[in-house]
2 protein chains.
Amino acid sequence: MKLRIDDTSPIPIYGQIKNGIIQMIALGDFKENEKLPSVRDVAVALKVNPNTVSRAFTELSIEKIIYTKRGIGNFVKNGAEDLCKKKVYKRVLSNIDQELDILKKAGFDKKAIEKIINDMRSK
Amino acid sequence: MKLRIDDTSPIPIYGQIKNGIIQMIALGDFKENEKLPSVRDVAVALKVNPNTVSRAFTELSIEKIIYTKRGIGNFVKNGAEDLCKKKVYKRVLSNIDQELDILKKAGFDKKAIEKIINDMRSK
DNA sequence: TATACTGTGTTAGTTAAATAGAACACTAAT
DNA sequence: ATTAGTGTTCTATTTAACTAACACAGTATA
């Protein structure tokens, strides 16, 4: 299980779980119609309450990314991979854009920003 | 007052206010020993509780970025500009780094990432 | 075929944190 | 003393997360 929780993050745990699963589906770690790990298993793995995991799954279900069979498990929906790829890409770009804006406002010019990006890419 | 609150952000309001003021000091919008806008004025401007603003100021005070004169106001500390520049730079880089990591894990190669950055910079 | 068992998702009640509303407390000027 | 401007505290509400118990589905077995 790739998923990790960052206790210092302001993003609520159920949100981090949602994002993590969306990323994993985007990446093909969970294929369409594949069963996800159970609420309890995820809860144990992340040392988190089943309730919290259940909330993440419920919201993913509302967003039509997974579907739930009560008493059986949660499964990836058809078309979820593309949907998740779009979601991840959109969120990441929006976040990077926002951060670059801050650098721009703070007076870093294009060259400085370019250097920063290069430094990070080479790590 | 440049500061804006994002109601959809998971970052608590007092945290957004803290970050915003740190950015403004870094940018020179508030000079050292200059008086910041009052708790109430900020609260009204942001449509937020004075309490919430007070908390942000208290924490900035603990972090030695501003100092408080009760009954008078809050003021920027000596040396705050440099300190804030460092903080902003560090936070932004850490955030960008994290986002680029997600792109990398999602299978975007260096060229794709480079293109993304260029597209954003040119906007 | 009835019953119990195991694995699954879900609900109820509690605690802690963020925010709001209202009132309090300090400072300076008149 | 009174007033206007300031930061602060008290109390209540809402949301996230936890603990514990509940409810459903499939399977084994008596």
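In what follows, chains carry the letters A, B, and so on, assigned in the order in which the sequence lines appear, proteins first and then strands, with residues in each chain numbered from 1.
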Exercise. Kindly give the heavy-atom pair with the smallest separation between B/Leu46 and B/Leu3, and that separation in Å.
Key: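 Closest approach of B/Leu46 to B/Leu3, heavy atoms only: CD2-O, 3.4 Å.
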Quiz item: How close do B/Ile17 and B/Ala56 get, heavy atom to heavy atom, and via which atoms?
Solution: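 That would be CG2-CB, 3.6 Å.
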Interatomic distance, [X] [atom1] vs [N] [atom2] [rounded to whole Å]:
X       : N      : atom1 : atom2 : answer
B/Ile62 : D/dT8  : CD1   : C1'   : 14 Å
B/Asn74 : D/dT6  : CG    : P     : 11 Å
A/Asp7  : D/dC18 : CG    : P     : 9 Å
A/Leu46 : D/dC18 : CG    : C1'   : 15 Å
A/Phe75 : C/dG7  : CZ    : C1'   : 12 Å
A/Lys47 : D/dA17 : NZ    : P     : 18 Å
A/Tyr67 : C/dG9  : OH    : P     : 13 Å

Quiz prompt | Side-chain donor-acceptor contact under 3.5 Å, A/Asn78 with A/Asn33 | solution =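 Per modelled atom types, A/Asn78 and A/Asn33 side chains form a pair under 3.5 Å.
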Quiz item: Out of C/dA18, C/dG9, D/dA16, which nucleotide sits closest to the side chain of A/Thr68?
Solution: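 Nearest to the side-chain atoms of A/Thr68, counting from C-beta on, is C/dG9.
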Practice problem: Measure from the side chain of A/Ser54, starting at C-beta and using heavy atoms only, and say which of D/dA17, C/dT10, D/dG7 lies closest. | Solution: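 The closest nucleotide is C/dT10.
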Quiz item: Which residue pairs pass the salt bridge (charged side-chain N to carboxylate O under 4.0 Å, His left out) test when at least one of the two sits in residues 50-64 of chain A, sequence neighbours left out?
Solution: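 The answer is A/Lys18-A/Glu59, A/Lys18-A/Glu63, A/Arg55-A/Glu59, A/Glu63-A/Lys87.
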Quiz prompt | Cluster link A/Val88 to A/Ile96, ILVMFWY, side chain under 4.5 Å | solution =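 Hydrophobic grouping puts A/Val88 with A/Ile96.
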Quiz item: Do any of residues 10-18 of chain B sit with a heavy atom less than 4.0 Å from DNA chain C, and if so which?
Solution: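 Those residues are B/Pro12, B/Ile13, B/Tyr14.
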Self-check item: Non-neighbouring partners of A/Phe75 that pass ring-ring contact (aromatic ring centres under 6.0 Å, His included), sequence neighbours left out
Solution: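 So A/Phe75 forms a ring-ring contact (aromatic ring centres under 6.0 Å, His included) with A/Tyr67.
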Give each protein N/O atom lying under 3.5 Å from an N/O atom of nucleotides 22-30 of chain C, with the pair distance.
residue	atom	partner	partner atom	Å
C/dA25	O4'	B/Arg70	NH2	3.3

Quiz item: To which residues is B/Leu27 joined in a hydrophobic cluster, defined by side-chain heavy-atom contacts under 4.5 Å among Ile, Leu, Val, Met, Phe, Trp and Tyr, whether direct or through other members?
Solution: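 B/Leu27 shares its hydrophobic cluster with no other residue.
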Quiz item: For B/Ile11, which fellow cluster members are found when Ile, Leu, Val, Met, Phe, Trp and Tyr are connected by side-chain heavy-atom distances below 4.5 angstrom, either directly or through intermediates?
Solution: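 The other cluster members (ILVMFWY side chains, heavy atoms under 4.5 Å, direct or chained): none.
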Self-check item: Validation row: A/Pro37, A/Phe30 side chains within 4.5 angstrom (heavy atoms)
Solution: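 Answer yes - side chains close enough.
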